[in-house]
Amino acid sequence: MAQFWREYRENWIATLALAVVVLIVAAALAAPLITPQDPYDLANLNLRDARRPPGFVGSGGYVHWLGTDAQGRDLFSAILYGLRISLQMGVAAGAVAFGLGTSLGIMAANIGGKIEQGIMRLVDLQLSFPAILLALVLVAVLGQGRVPLIIALVTAQYAYFARTAYGAATAERQKDYIEAARATPLPGRSIVLRHLLPNCMPPLIVVGTVQIANAISLEATLSFLGLGLPPTEPSLGMLIANGFQYMMSGRTWISVYPGIALILLIVAINIVGDQLRDQFNPRLRR
Amino acid sequence: MTAALLQVRDLRTHFETRAGTIKAVDGISFTLERGEILGLVGESGSGKSVTGFSLIGLLDAPGRIAGGSVMFRGQELVGLRQAEMRKLRGKRIAMIFQDPAATLNPVLTIGQQMAMAVQAHGGGGEGAALALAARSLVRVGIPDAAARLNAYPHEFSGGMRQRVAIAIALLHEPELIIADEPTTALDVSIQAQILAEMKTLAQESGTALIWISHDLAIVSSLADRVIVLYLGRIVEYGSVSDVLRAPLHPYTRGLLDSLPALAAPGQKLTQIPGSTPSPLNVPPGCPFAPRCSHATDLCRSEPPRVGDQRHGAFCHHPLSVAP
Amino acid sequence: MLGYIIQRLIQSAFVMLAMSALVFLGVYAIGNPIDVLISPDATQDIREATIRHYGLDQPLWRQYLAFLGRLLQGDLGRSFVLNIPVLHLVLSRLPATLELALTSVLIGAFIGIPLGIYAGYRPESPVSKAIMAASVLGFSVPTFWVGLILILTFAVNLDWLPAGDRGPTVEVFGVGWSFLTWEGLRFMALPALNLSLFKLAMLIRLSRAGTREIMLSDTVKFARAAGLTDFTILRRHVLRLISIPLVTVFGLEFGSTLAFAVVTETIFSWPGVGKLIIDSITSLDRPVMVGYLILVAFLFVTINLVVDLTYAVLDPRLRRGRRV
């Protein structure tokens, strides 16, 4: 572990990215403590403060460092609350997709036969179909809200986990130690839990990292298209969409700052994922 | 006195890795006359392939020539600009590799690949290039050569593919061909055929040949002279007959004793004890000392030297006295 | 080869069947089918007549067969909102999307592949590192955000290019095309660039990885030993070898480009099928949704088929009709 961390720190960009992720997550978690305003509390909003540029001192008596949006909301506060929602959705969807996909993949590898073929055919078919389209249709059919959105994100993403888990599990199964474990009178389930799963973890962690970033990006896209969460729970995508119409008139900050927050988060997670991939890949090790 | 075709002096090729510097070739010197066939023999890690790649300037990173001199037809190749080196490659010095399945491009026809090799050195139009290619295929004994130009590598057998590679090497009638274990991946019967053909081709065209192999038996059937390498250094050199008849170095003796093809009937095959040490950690004196039954304190502290004999060994205690 | 084509055609037909079943189940069975077929303000008589007409009192598998039957006749129903046949509506919007998607895939290929090959050929050079950093950005930054930035930069701040609508088109074979006039190209520039960035990043990464691997192969060493210049090696050997995996990705990416066109078309008000589906989702125009999905599935299957056949042409080892 210490060795892993030492290798990780050799790449300063990845280290910086990890720091950014930690910082953003911490800021999002602590949002109610560090923001000057609760952006969801309508009593706090004053239309006279609407669309003010960064640095403006509003009726609340504090500085809007990142300006305000069309409802007079402090953008800094709205961004941190929006990050909370984006992260919640991304992590929740990622976790469910991880559980579902990994179970399906390992099941397929373990059971074999018709079930294996059936599951993997479905997974491959889905992988060839663009995730965004699938999510779009599901949200359209199921309606708006957190649960439909998570279902849509999970449906769009579980196949990546299933493919990865299947690949890793089939490779692991052929190794001697699984054969050896089979020879001992352990039940099949405990072989899977104690031996197979831990050895499939490295690639799954990499996919998980990247998929959380993808889920956040996908959620933002759906929200931007007006198909995500209801307007009472503005995630980053919706903040950006709300600012879009003011962009042409030069009030760019309403869209740009939430966008920068979103991109920092996604790019940082992806860089961390890339570094993990390199470190887990034995072929690239010297 | 006319200059030799190739004169290698104190060649050093190093690989800088995280773990330290690997001296893959550590001060090798030899001379090659026109039309001569030289065998470079050693186990894997002895630096024989790296020597070949150093001569033709095709070292993979992080390898680099750290010192020494390679004079080819009176021209210094060490430090030569890549563009100048390229003009020599294929034209005056050619190379053949171990696995013909990996060297030929699977998605281009033989004709396309040969035409590219012709046109890399001028060579005129497509038609002239293909005609030259067909002639070269005929020379290496490929039947129906003109039609075979349109075939892809996977349509040839392993032996035929290696013949195609040889034909590509012969296109410009180079003065020197470096062959890096070109028969190792082939069946034994085809090996023998190709060895015989190579010998004839070399004699006919007056091409000098450096034949790299781990197999002393193959080299003995083909080469005029042989150099035995161990851990990037020469341990013994001389004419094939001298080295085989009266090896001077215990390592050469060990190699010969482990060869079924060269053993007398009823003779017991033996293995050299121990294993090759890490190239990162070469012993200070004679590199073979830790595995040598004749080794003394002198061997472990002082690198052996050799005089100016035709047959010599870098050994403090040679097995017999050189003539 | 012919046997292989026939085999792939049959496979494609099965995939198409599976897709239609999924779409049918997704939109007809999960949602209320009445909403799909008639607008909410229809009278009770019309409702019952429609239910009987479409056999909604029948069991699900019968309904599916009936749906399939209509599908084969090209009957996808009528749009509630526009009250014109869905097939006609979708087909009339399709050229705009195809044109946009194709342009962006071409931009991605013609810029991405050379950049990727260079980055793979000289992995340690600063230029390559910059290319790779840019590709990480292109890979992770959401399409809609890039679209906003493009509009902000080139349309609002610099005022160089238009950022909305399709602009003038030229009619050829009864279909309007943008790429035939300078003005049309100006209108297409930003949306096409927006849509291409993801492919660009992906093609850079793939061609870099492929090139790196091939440059270390014996094929390249042997070509170098024969005296070929690096440029010839890259152009003839490497390009040809990486083209095989690239064609696969290229085909799949063309499909996902059609999907991501949804986002780009919304931002740039580009009148293609992507904008149509978003509009139909917001106005609950379900027959249009179904029609769009069936059409996209059809395009997907067709593209996969073409990719597989191209594969066989590019790789002589596969030409015998068998797949390795």
Side-chain angles (χ1 to χ4, degrees), chain B residues 49 52-53 55-62 82-83 85-109 112-123 150-155 164-165 167-172 174 177-180 185, chain C residues 1 113 117 119-125 128-129 207-208 210-248 307 309-324:
Chain B
S49 293
F53 285 119
L55 297 182
I56 200 170
L58 283 179
L59 287 167
D60 280 329
Q82 271 300 317
M85 195 70 219
R86 183 196 70 74
K87 285 182 192 158
L88 290 178
R89 285 199 290 259
K91 180 85 178 166
R92 300 199 176 277
I93 309 178
M95 190 155 178
I96 313 169
F97 295 72
Q98 180 169 348
D99 183 5
T103 49
L104 296 172
N105 188 333
V107 297
L108 297 176
T109 64
Q112 285 170 320
Q113 300 188 50
M114 294 188 83
M116 266 194 266
V118 175
Q119 287 168 332
H121 302 286
N150 291 320
Y152 288 93
H154 71 277
E155 296 172 67
V164 171
I168 292 178
L170 287 173
L171 277 172
H172 297 283
I177 295 180
I178 302 167
D180 187 7
Chain C
M1 188 72 194
I113 294 174
I117 290 180
Y121 169 63
R122 291 250 177 275
E124 300 299 328
S125 91
S128 301
K129 292 201 165 145
S207 22
R208 170 177 180 266
T211 306
R212 272 190 88 166
E213 205 165 290
I214 294 167
M215 286 310 286
L216 295 174
S217 72
D218 277 358
T219 303
V220 166
K221 265 201 170 163
F222 186 62
R224 281 193 166 147
L228 268 63
T229 58
D230 281 3
F231 183 71
T232 311
I233 290 175
L234 288 175
R235 195 170 55 88
R236 301 277 312 262
H237 283 288
V238 174
L239 189 62
R240 198 57 215 281
L241 282 168
I242 63 169
S243 70
I244 295 170
L246 281 184
V247 164
T248 320
V307 166
L309 296 182
T310 317
Y311 214 93
V313 173
L314 278 179
D315 192 337
R317 287 165 295 185
L318 295 181
R319 244 174 252 165
R320 291 285 160 82
R322 276 180 303 117
R323 302 197 69 187
V324 179

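What you see is a predicted model, and the numbers here were worked out from it, not measured in a lab. By convention in this document, chain letters (A, B, ...) are assigned in the order of the sequence lines, proteins followed by strands, and residues within each chain are numbered from 1.
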> Is chain C contacted by the side chain of B:A165, its backbone, both, or neither, given a heavy-atom distance below 4.5 Å?
Replying inline: both
> Quick one: does B:R86's side chain have a donor or acceptor within less than 3.5 Å of a partner on C:G227's backbone?
Replying inline: yes
> Residues in side chain to side chain donor-acceptor pair (under 3.5 Å) with C:T229, at least two apart?
Replying inline: C:T232
> Going through the distances and angles, do C:F222 and B:I168 end up as a side-chain contact (heavy atoms from CB on, under 4.5 Å)?
Replying inline: CA-CA 10 Å; C:F222 186 62; B:I168 292 178; 3.8 Å; yes
> Going through the checks in order, is the side-chain contact (heavy atoms from CB on, under 4.5 Å) test met by C:H237 and B:Q113?
Replying inline: CA-CA 9 Å; C:H237 283 288; B:Q113 300 188 50; 4.3 Å; yes
>> Please rank C:L216, C:T219, C:I214, C:D218 by heavy-atom pairs under 4.5 Å with chain B and give me the top one.
In response: C:T219
> For B:L58, is it the side chain, the backbone, both, or neither that has a heavy atom closer than 4.5 Å to a heavy atom of chain C?
Replying inline: both
> Counting only N and O atoms by type, is there a donor-acceptor contact under 3.5 Å from the side chain of C:R240 to the main-chain atoms of B:V107?
Replying inline: yes
> Taking only residues two or more places apart in sequence, or in another chain, which ones meet B:D60 in a side chain to side chain donor-acceptor pair (under 3.5 Å)?
Replying inline: C:K221
> By a 4.5 Å heavy-atom criterion (distance strictly below it), what part of B:I93 contacts chain C: side chain, backbone, both, or neither?
Replying inline: backbone
> Which atom names give the shortest non-hydrogen contact between C:L228 and B:A117, and what distance separates them?
Replying inline: CD1-CA, 3.8 Å
> Quick one: CZ on C:R236 to CE on B:M116, what's the gap to the nearest 0.5 Å?
Replying inline: 4.0 Å
